[in-house]
Amino acid sequence: MSDQAQEVPSSGASAPSLGRFMTSEVFELVANDDVRFYVNKDILASKSKPFREATSGTWKESTDRRIDLKDWDSDTVARLVEFLYVQNYPYPDPTPLGDPEHTDSGPEALQPTDETTDSGLDPSRPLTPLSECLSKYIPPEDDAPITDEERLEDFDPADYDYEDILLAHAKVYALANYKSVDTLRTLALKRLLLALSRIHPIQPASHISLNVVDLASYVYANTDHLVRSEEPLRKLMSQFIALNFAAFQTEPKAVELVAKGGDFVKDIMAKICRRIPEPEGGIAIVGRSRKGYISGIKVVYGNFAAPPPDRVTEITGGDCNISNPFQDPHTIWLVPEYTKRANDACTGFSVLRSRITQYSNQNLDRTHGGYRYLVPQKAAPVLEKITEVSLVRWLRGDDPDDDYASKGYDGMSGEIRNGDSDYSLHLMWKTVKTRRA
């Protein structure tokens, strides 16, 4: 399947004026399969300090006008070269299962199931959501082009293999990191985050779990451990596996990777240990729920009728799929996340409407072309912490603002879906008062 490039408008700050670069001398970039690419010197120098040093002075590369990239395949080098000129790179779509060109690295036709594996971890001590774990490395506003997150909507992980697209982004990241092409590194990291978000959560014994193990093997073999902070791609990789830990416990290739030890095991264990249950009696049960306080709401997408068992329910026993009755082809559920720490607990939820994507939140309205988010509020001075949430639907024309208290709730969000039905949908919550914020 051929690579496809997104049409991404370039900002004036990041797009070079190509005319002034095209008259500079040409250098040869050589990939590991001896495929050669020809790039203007000034283009190379403008994007990377290592390239700038290699194309100037008395270095052998400068004299020969040849830069060997023998550790990289020609597809990855081609993506680098295209980015240097147009600030974008093409990448493959996921491959349909059963495609004759697709060679699976594991057993044929392993399909996701509805069975879940007990990981033995405490769900009330959640890890940082995948969408937020890279906020330090991907600023909300940067010069790297934003990829179209809707591109992967039509590629259901149950029907498509994601190995090619995951490895394509990881290889681009590794090469950009090696040559210090910072904007390309950020773009590849963003695109890999979006692809992993599309396949999350994964099912045990599925072809997707094999894709992720192959990706982890590549990432840890081609990136370096950092002393003062986590290497960004390693952080994303280990966070994803920790969040989906149960899916890998019976995967032979995952067991083999763990058996090798090294940085991969250290990173995974550091995250898994945060979720090991506290000893009995070590933490007092708080509030009205044995699970603790609510620290956030996770948005779970699907296109099937099997809701998550821990989903937020509707108080009248109605449908808890928040896309019903909004003529939405996807099912969307809300799943509470818990904590035992009062200072990590939510004090309310607000609804954010935006014309652009917010990577730190999960879109409630992705099929309508807009962006709507349920944003947790964690006001430090507030002592009332949320311990229970429910959905409620009101017929339009009724005024729900004064009615949630009569139902035994302490607060309510604004409307969390577009107003395209006869009903409005809201999230309500109950709180307990704590001794400290």
What's the shortest heavy-atom distance between [X] and [Y], and which atoms?
X    : Y    : value
I67  : A54  : CD1-CB, 4.2 Å
A158 : L97  : O-CD1, 3.5 Å
A31  : K70  : O-CD, 3.5 Å
D214 : E163 : OD2-OE2, 3.4 Å
I386 : G348 : CD1-N, 3.5 Å
I202 : S209 : CD1-CA, 4.0 Å

Are [X] and [Y] packed together at the side-chain level, in the sense that at least one heavy-atom pair is separated by less than 4.5 angstrom?
X    : Y    : result
P94  : D164 : no
R151 : Y91  : yes
V258 : I268 : no
Y160 : D93  : no
L196 : H200 : no
N321 : W333 : yes
L80  : L84  : yes
V351 : L374 : yes

Taking only residues two or more places apart in sequence, or in another chain, which ones meet [X] in a ring-ring contact (aromatic ring centres under 6.0 Å, His included)?
X    : result
F349 : W429
F27  : none
F264 : Y220

Measuring from atom [atom1] of [X] to atom [atom2] of [Y], what distance do you get when rounded to the nearest 0.5 angstrom?
X    : Y    : atom1 : atom2 : answer
N177 : L184 : CG    : CG    : 10.5 Å
R52  : L44  : CZ    : CG    : 11.0 Å
I199 : D156 : CD1   : CG    : 12.0 Å
M237 : L166 : CE    : CG    : 8.0 Å
S56  : E61  : OG    : CD    : 10.5 Å
D224 : L233 : CG    : CG    : 11.5 Å

Is there a donor-acceptor contact under 3.5 Å from the side chain of [X] to the main chain of [Y]?
X    : Y    : result
S46  : I43  : yes
H426 : S413 : yes
S48  : K179 : yes
D73  : D75  : yes
K378 : S295 : yes
H207 : P157 : yes
S180 : A176 : no

Residues N32, D71; criterion side chain to side chain contact (heavy atoms under 4.5 Å, CB included); working and verdict: CA-CA 6 Å; N32 64 4; D71 291 330; over 6 Å; no

Please check if the number of heavy atoms outside F37 that lie under 6.0 Å from its CZ is greater than 12.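 Atom CZ in F37 is packed in, count exceeds 12.
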
Below 3.5 Å, can you tabulate the donor-acceptor pairs from side chains in residues 308-315 to any protein atom, sequence neighbours excluded?
| residue | atom | partner | partner atom | Å |
| --- | --- | --- | --- | --- |
| R311 | NH1 | P308 | O | 3.0 |
| E314 | OE1 | T316 | N | 2.9 |
| E314 | OE1 | T316 | OG1 | 2.3 |
| E314 | OE1 | G318 | N | 3.1 |
| E314 | OE2 | T316 | OG1 | 3.4 |
| E314 | OE2 | R393 | N | 3.2 |

According to the salt bridge (Lys or Arg N to Asp or Glu O under 4.0 Å) rule, which pairs have a member within residues 257-268, sequence neighbours left out? R234-D263

Any salt bridge (Lys or Arg N to Asp or Glu O under 4.0 Å) involving residues 26-38? Give me the pairs, sequence neighbours left out, ordered by first then second residue. E28-R36, E28-R66, D34-R36

Decide yes or no on side chain to side chain contact (heavy atoms under 4.5 Å, CB included) for Y85 and K47, but give the supporting numbers first. CA-CA 10 Å; Y85 281 96; K47 288 296 183 179; over 6 Å; no

Residues N222 and Y173: side-chain donor-acceptor under 3.5 angstrom: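 Short answer, no.
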
Looking only at side-chain N and O atoms, does S350 offer a donor or acceptor that is under 3.5 Å from a partner on Q377? yes

I416 and L334: side chain to side chain contact (heavy atoms under 4.5 Å, CB included), yes or no, with the steps? CA-CA 11 Å; I416 64 176; L334 303 180; 4.1 Å; yes

Working note: F155 + R198, criterion side chain to side chain contact (heavy atoms under 4.5 Å, CB included); need CA distance, chi angles, decisive distance, verdict. CA-CA 9 Å; F155 298 100; R198 180 67 179 94; 5.7 Å; no

